[in-house]
There are 2 protein chains.
Amino acid sequence: MRSEGLEKVTLRRLATELDTGPASLYVYFRNVADLHAAVLDELLASVDLGPVGAPGDWRERLEAVLSSYVGVLMQYPPLARSALLTRPSGPCYLDLVEALVTLLREGGVEADRAAWAVDLLMQVATATGAEQATRRENPRDGDEWDVLVAAIENADVGRYPQIRDLGQLLLSGTGTTRMRWALSVLLNGILATALPVPAPASPSEINTSEGERS
Amino acid sequence: MRSEGLEKVTLRRLATELDTGPASLYVYFRNVADLHAAVLDELLASVDLGPVGAPGDWRERLEAVLSSYVGVLMQYPPLARSALLTRPSGPCYLDLVEALVTLLREGGVEADRAAWAVDLLMQVATATGAEQATRRENPRDGDEWDVLVAAIENADVGRYPQIRDLGQLLLSGTGTTRMRWALSVLLNGILATALPVPAPASPSEINTSEGERS
DNA sequence: ACCTGAACACCGTTCAAGT
DNA sequence: ACCTGAACACCGTTCAAGT
């Protein structure tokens, strides 16, 4: 419907695209965050969930799904950024969650742990996508990188002995290899870390045990 | 110097605060990202690095430092958001990196692994801070939560069997307990996951082995 | 009743004109 | 030479006035 190539997703741009004033969009969206969420979910439809049903190692398939997700985010920097702050609940987002849970459970992760693990995996993937998308669209990124390199190389030995010791190790690796390693860390950690035992609750407060969520 | 209580850090607001026009700030900062980075680093000075030199379990001390960091981010939502996309290189940021590396090494993590681990820990902590800060300042967050609860409870059983199966488990736990678990996951994963063997490089390209970093 | 033009209150950035 | 007022090109949101 309105899935034309949008680079800067903004209320006004979409309004002029539709030959109307910006006020009209408030009939469909209560604010700009709502609009972003809607476009984002539309976009998540293009994430490749094929690996879920495919044969092969569940870890590799999970990595494939998350890579596809990150790739989609990187194509639309502003949406990638909004994905970090939004609480998505669209159908395609749920498809993605469903896929990740399926793969985790296939890997032997029990239900409660898988539930929390999905959030963590999505958080890291989304943050990675938003970061890389922003850097990619920022032409001055090279400069910032150089500044960081210089800051590390010239770091005061007295104040930053560890940093001086690590040196280039802090900057080593490509984005892809780092993300592959991060995903391994997460999966190994998830497999090794049980959920905390829930705080003992008296029977009367069992139904409010969802917590403050803040 | 200019560390007055700033809630919305914006070029113009700071300019009027200083009784001048917005153009004047371009003498000190080349753009608004630069300004954010500067203020952020100023803010990072208030992160409590005391636990680094204190006695006790290195994991708990690392958790204390990161909690302090997240707490600082949550006090300034716009800066928390910019921290996700910026490539910080200020002195206080380096202090924080130094602290984390120190604790990781104390825990027996070897140098190269610690170098990558710091980035991952900071990414998760920063994302958590930015998320929670944004939610806290958004009064409609309750509504979005309700929408998500409803979406999960009423999810189509055919399309989302796993989600239906998990149900409230997906929403269980407070922000704090989730973050404590996430940190355990990360530390367990870091301890369990060696870096990939670097791609074999001919001697001639050893000096360019920093990678594309994209 | 529904839609929307125009206005409001902001942004970041640039650049010519001042001192 | 250095600083900056004013202008430019955008934002998101509201609201009164139209149909």
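A, B, ... follow the sequence lines: proteins, then strands. Residue 1 opens every chain.
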Check your understanding: Expressed in angstrom and rounded to an integer, what is the separation of B/D19 atom CG from D/dG5 atom P?
Key -> 10 Å
Review point. Thinking salt bridges, do A/R159 and B/E98 make one under a 4.0 Å N-O criterion?
Key: no
Review point. What do the steps show when you test B/N188 against A/N188 for side chain to side chain contact (heavy atoms under 4.5 Å, CB included), and what is the final call?
Key: CA-CA 7 Å; B/N188 287 336; A/N188 287 337; over 6 Å; no
Review point. Between A/Y26 and D/dT13, does any side-chain N or O lie under 4.0 Å from OP1 or OP2?
Key: yes
Check your understanding: Which listed nucleotide (C/dT13, D/dC10, D/dT13) is nearest to the side chain of A/L11?
Key -> D/dT13
Check your understanding: Do the charged groups of A/D156 and A/R164 touch, with an N to O distance under 4.0 Å?
Key -> no
Point to revise | Any B/R12 side-chain nitrogen or oxygen under 4.0 Å from OP1 or OP2 of C/dA9 | key: no
**Study point:** Candidates C/dT13, D/dT14, D/dC10 - which lies nearest the side chain of A/A23
**Key:** D/dT14
Check your understanding: Looking at B/T10, does any N or O in its side chain come under 4.0 Å of the phosphate oxygens OP1/OP2 on C/dG12?
Key -> yes
Check your understanding: Are B/R13 and B/E17 ion-paired here, with the side-chain N under 4.0 Å from a carboxylate O?
Key -> no
Review point. To the nearest Å, how far apart are A/L25 CG and D/dC11 C1'?
Key: 14 Å
Check your understanding: When you check the gap from the basic side-chain N to the acidic O, do A/E131 and A/R135 get nearer than 4.0 Å?
Key -> yes
Point to revise | Nearest-Å distance for atom pair CG/C1', residues B/L35 and C/dC11 | key: 13 Å
Study note, to complete from the structure: Between CG of B/L14 and P of C/dC10 the distance, given in whole Å, is 16 Å
**Study point:** Between C/dG12 (P) and B/D34 (CG): distance, integer Å
**Key:** 13 Å
Revision key, fill the gap. Rounded to whole Å, the CZ-C1' distance (B/F29 to D/dT4) equals 17 Å
Check your understanding: Between D/dT13, C/dT4, D/dC11, which one does the side chain of A/S24 approach most closely?
Key -> C/dT4
Check your understanding: Think A/R13 has a side-chain N or O under 4.0 angstrom from the OP1 or OP2 of D/dC11?
Key -> yes
Check your understanding: If we call it a pair only when both distances are under 3.5 Å in a Watson-Crick or G-U wobble match, what pairs with D/dA9?
Key -> none
**Study point:** B/N31 CG to C/dC11 P, straight-line distance once rounded to whole Å
**Key:** 17 Å
Check your understanding: Looking at the side chain of A/T20, which of D/dC10, C/dT4, C/dA7 is the nearest nucleotide?
Key -> C/dT4
Check your understanding: In the strands shown, is D/dA16 matched to any nucleotide by a Watson-Crick or G-U wobble pair with both distances under 3.5 Å, and which?
Key -> C/dT4
